[in-house]
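The chains referred to below are lettered A, B, ... by the order of the sequence lines, with proteins before strands, and numbering in each begins at 1.
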There are 2 protein chains.
Amino acid sequence: MIELRHFRYFLAVAEQLHFGRAAEQLHMAQPPLSTQIRQLEEMLGAPLFIRSKRKVELTEAGRVFREEAETVLEAVARATHRARQASQGVLGRLRLGFASSAPFGIFPTLLRRYRQAYPNVVLELFELGSAEQLLALQERRLDLGFVRLPASATNIRVETIDREAIIIALPENHPKADHPELHLEDFKNDPFIIFPRHEGPGLYDRLINLCGQAGFNPRIVQEVGQMHAIVGLVGAGLGVSLVPENMQTVHARGVRYRYLQNQPYIDMALAYRDELLTPLQQAFVSISKGSGVQENFSPLQ
Amino acid sequence: MIELRHFRYFLAVAEQLHFGRAAEQLHMAQPPLSTQIRQLEEMLGAPLFIRSKRKVELTEAGRVFREEAETVLEAVARATHRARQASQGVLGRLRLGFASSAPFGIFPTLLRRYRQAYPNVVLELFELGSAEQLLALQERRLDLGFVRLPASATNIRVETIDREAIIIALPENHPKADHPELHLEDFKNDPFIIFPRHEGPGLYDRLINLCGQAGFNPRIVQEVGQMHAIVGLVGAGLGVSLVPENMQTVHARGVRYRYLQNQPYIDMALAYRDELLTPLQQAFVSISKGSGVQENFSPLQ
DNA sequence: CTCTATCATACGTCGGGAGTATTATAACAA
DNA sequence: TTGTTATAATACTCCCGACGTATGATAGAG
């Protein structure tokens with residue numbers, strides 16, 4: 001059976017055109033080298049060298065084989081290199097799930113940062129509800145998930161990586177627009193605009209819950225899918241809306257964003273199987289936790 | 001040291017995800033397979049499989065390595081295949097020398113035929129005088145040469161492959177143009193057009209020699225490099241010229257081609273080192289000699 | 001013709017790859 | 001839980017073959 005040894009030996013001889021020197025270069029004696037080359041020729045069924053007792057030269061088959069042999073050894077080197085890289089988490093594929101509200105938070109920042117650090121990792125992104133993500137993680141169809149809390153499942157670890165304040169978006173001519181201190185219950189009679197529950201049950205339930213804690217059931221007058229559309233409708237005066245604070249970056253005409261007293265918030269968490277992390281996961285997790293991400297968090301409490 | 005064995009074993013396990021079945025497929029026992037895979041992982045410095053006693057799965061590094069391993073084995077297969085091909089003369093490089101008058105004879109036909117039969121051989125063509133070709137053959141800078149006879153050198157075999165009649169090209173209003181039988185001496189007083197000697201000393205000397213045998217020294221009025229140009233000048237009435245019969249295919253205005261009595265001729269020969277032929281040479285030589293080439297020869301005597 | 005360079009051959013040694021037997025452990029059934 | 005089965009790892013032995021040493025064969029140089 002042909003082995004890499006044969007390729008290595010052949011290349012040395014082809015380079016030196018001298019069995020003795022080639023053997024020296026290979027740190028071995030000359031006879032076994034001759035034997036191996038002969039063996040190689042036999043296996044190929046083709047002579048590679050013309051040995052004329054006094055000098056060695058390549059046959060045409062030898063010249064052809066030389067080129068191919070080089071590509072073989074290069075392929076081997078690349079294989080080992082890339083396997084090592086992959087084991088260090090700088091090469092491979094990472095399947096990420098994310099809740100539909102993630103793109104407005106820290107998620108895109110993390111993605112950018114990760115891509116910069118590990119440009120050779122192919123990221124596969126899946127927009128999934130939190131429950132779906134947990135299931136996919138359990139079934140190993142996903143490597144990491146960005147879920148809204150609360151969320152939990154067996155064998156799944158959930159780690160908060162971001163806490164966003166929930167703020168209220170209201171028309172700028174709203175009577176409370178300039179009121180110094182705002183409480184959620186101040187809006188119990190206002191019409192609310194919100195996205196359909198199935199588009200982000202985590203955030204949706206949290207918002208409804210907050211209203212419940214404030215002692216009222218929000219009067220929902222519109223359900224709109226796009227977050228951008230929601231603030232547009234707020235600007236048009238159709239109602240108020242609770243949004244993550246990152247939505248402030250969306251400057252819509254006629255919209256005021258105001259923080260609320262007692263700071264309601266919503267958590268974003270990273271979820272993954274509760275076992276030894278792969279290097280790829282490990283790298284993403286540490287990027288998510290380290291290197292100044294925390295500093296970008298909104299003020300807690 | 002990593003060997004092809006490791007790649008073969010790895011791929012079997014990666015395919016089966018089962019050491020027992022993989023071992024079976026490889027016609028070996030399971031324990032040494034485990035050993036070899038472990039060895040491979042150690043050499044790579046990267047785990048390739050996650051073995052959980054009950055099932056085996058690829059790590060990310062394993063997935064990456066799998067792709068690379070396949071290309072390695074493909075490269076090996078290609079290397080052996082191409083080396084075999086080369087040893088059979090269907091792959092490689094052939095350096096051909098040819099006399100400058102060769103392109104008007106059988107040479108292009110042979111080239112076409114050879115290329116058709118061996119499309120993967122790269123032909124390198126060198127226009128060289130016969131003497132230069134013989135030297136280049138001795139120094140192995142050439143594999144085969146197309147030379148004009150007579151030509152000889154030590155260690156060089158010369159084999160006639162084509163005999164072309166030498167015919168006379170004369171202006172169609174020449175007094176002898178329609179004469180039934182023509183002899184070379186009939187033109188001893190005509191002005192002759194010929195190419196410069198350095199462009200084809202073999203043919204040149206042969207032509208001068210023929211005139212000498214016919215009892216005269218040709219009066220050369222023009223030396224023109226291109227064969228096409230020569231027949232053009234003949235058509236313009238500037239003189240007559242001796243040309244290989246294949247020049248008849250060049251139909252120039254006002255030119256008549258006539259065979260001569262006692263058929264002077266010029267030989268084209270294939271030259272090569274007088275030693276064991278490489279498969280590439282062998283193939284070209286047998287194409288040159290066989291398969292109906294002889295039938296295209298001009299009538300001898 | 002002798003000397004030298006160089007590749008091939010002969011042969012013994014030994015490492016390591018492969019086999020057999022067994023163990024360890026996880027999944028599953030009762 | 002316990003027993004059974006499936007599966008990979010471990011322990012150990014064996015033996016092939018790759019390697020080294022010594023030598024031979026031969027061609028080219030002087």
Partners passing side-chain hydrogen bond (donor to acceptor under 3.5 Å, both in side chains) against A/Ser34 (at least two apart in sequence or in another chain): A/Gln30

Min side-chain heavy-atom separation B/Gln25-B/Glu15 under 4.5 Å: yes

Residue list, side-chain hydrogen bond (donor to acceptor under 3.5 Å, both in side chains) with A/Arg157, at least two apart or on another chain: none

Side-chain N,O (B/Arg51) to OP1/OP2 (D/dA9) below 4.0 Å: yes

Below 4.0 Å: OP1/OP2 of C/dC7 and any side-chain N or O of A/Ser34: no

Residue list, side chain to side chain contact (heavy atoms under 4.5 Å, CB included) with A/Pro108, at least two apart or on another chain: none

Residues that B/Arg84 engages under salt bridge (Lys or Arg N to Asp or Glu O under 4.0 Å), provided they are two or more places apart: none

Set of side chain to side chain contact (heavy atoms under 4.5 Å, CB included) partners for B/His81, sequence neighbours left out: B/Gln85

Rounded distance (Å) that lies between atom C1' of C/dA8 and atom CZ of A/Phe49: 15 Å

Atom pair distance, as rounded to whole Å: CD in A/Gln30 and P in C/dA5: 15 Å

Contacting residues from residues 16-24 of chain B, given that a heavy atom lies under 4.0 angstrom of DNA chain D: B/His18, B/Phe19, B/Gly20

Ring centres under 6.0 angstrom apart (A/Tyr272, A/Phe284): no

Side chain to side chain contact (heavy atoms under 4.5 Å, CB included) partners for A/Ala77, two or more places apart: none

Residues in side-chain hydrogen bond (donor to acceptor under 3.5 Å, both in side chains) contact with A/Glu3, at least two apart in sequence or another chain: B/Arg8

Spacing of A/Met28 atom CE relative to D/dT21 atom P, expressed in whole Å: 12 Å

For atom NE2 of B/His6 and atom C1' of C/dG17, their distance in whole Å: 9 Å

Whole angstrom value for the distance that separates C1' of D/dA18 from CZ of A/Arg8: 14 Å

Closest listed nucleotide, where the reference is the side chain of B/Pro31 and the choices are D/dA11, C/dC7, D/dC19: D/dA11

Atom-to-atom span, OH of A/Tyr9 to P of D/dG20 - whole angstrom: 8 Å

Side-chain donor-acceptor pairs of residues 117-128 of chain B under 3.5 Å, sequence neighbours excluded:
none

Side chain to side chain contact (heavy atoms under 4.5 Å, CB included) partners of A/Arg51, counting only residues at least two apart: A/Phe19, A/Ile37, A/Arg38, A/Glu41, A/Phe49

Shorter than 3.5 Å, N or O on both sides, protein versus nucleotides 26-29 of chain C: list them out with atom names.
unit_1	atom_1	unit_2	atom_2	d
C/dA27	O4'	B/Arg54	NE	3.4

B/Thr154 versus B/Gln138, side-chain donor and acceptor atoms under 3.5 Å: yes

For atom CD of A/Glu57 and atom P of C/dT6, their distance in whole Å: 15 Å

From D/dT21, C/dC7, D/dA9, nucleotide with atom closest to A/Ala29 side chain: D/dT21

Those residues of residues 35-46 of chain A lying under 4.0 Å from DNA chain D by at least one heavy atom: A/Gln36, A/Gln39

A/Arg5 CZ - D/dG17 P separation (whole Å): 11 Å

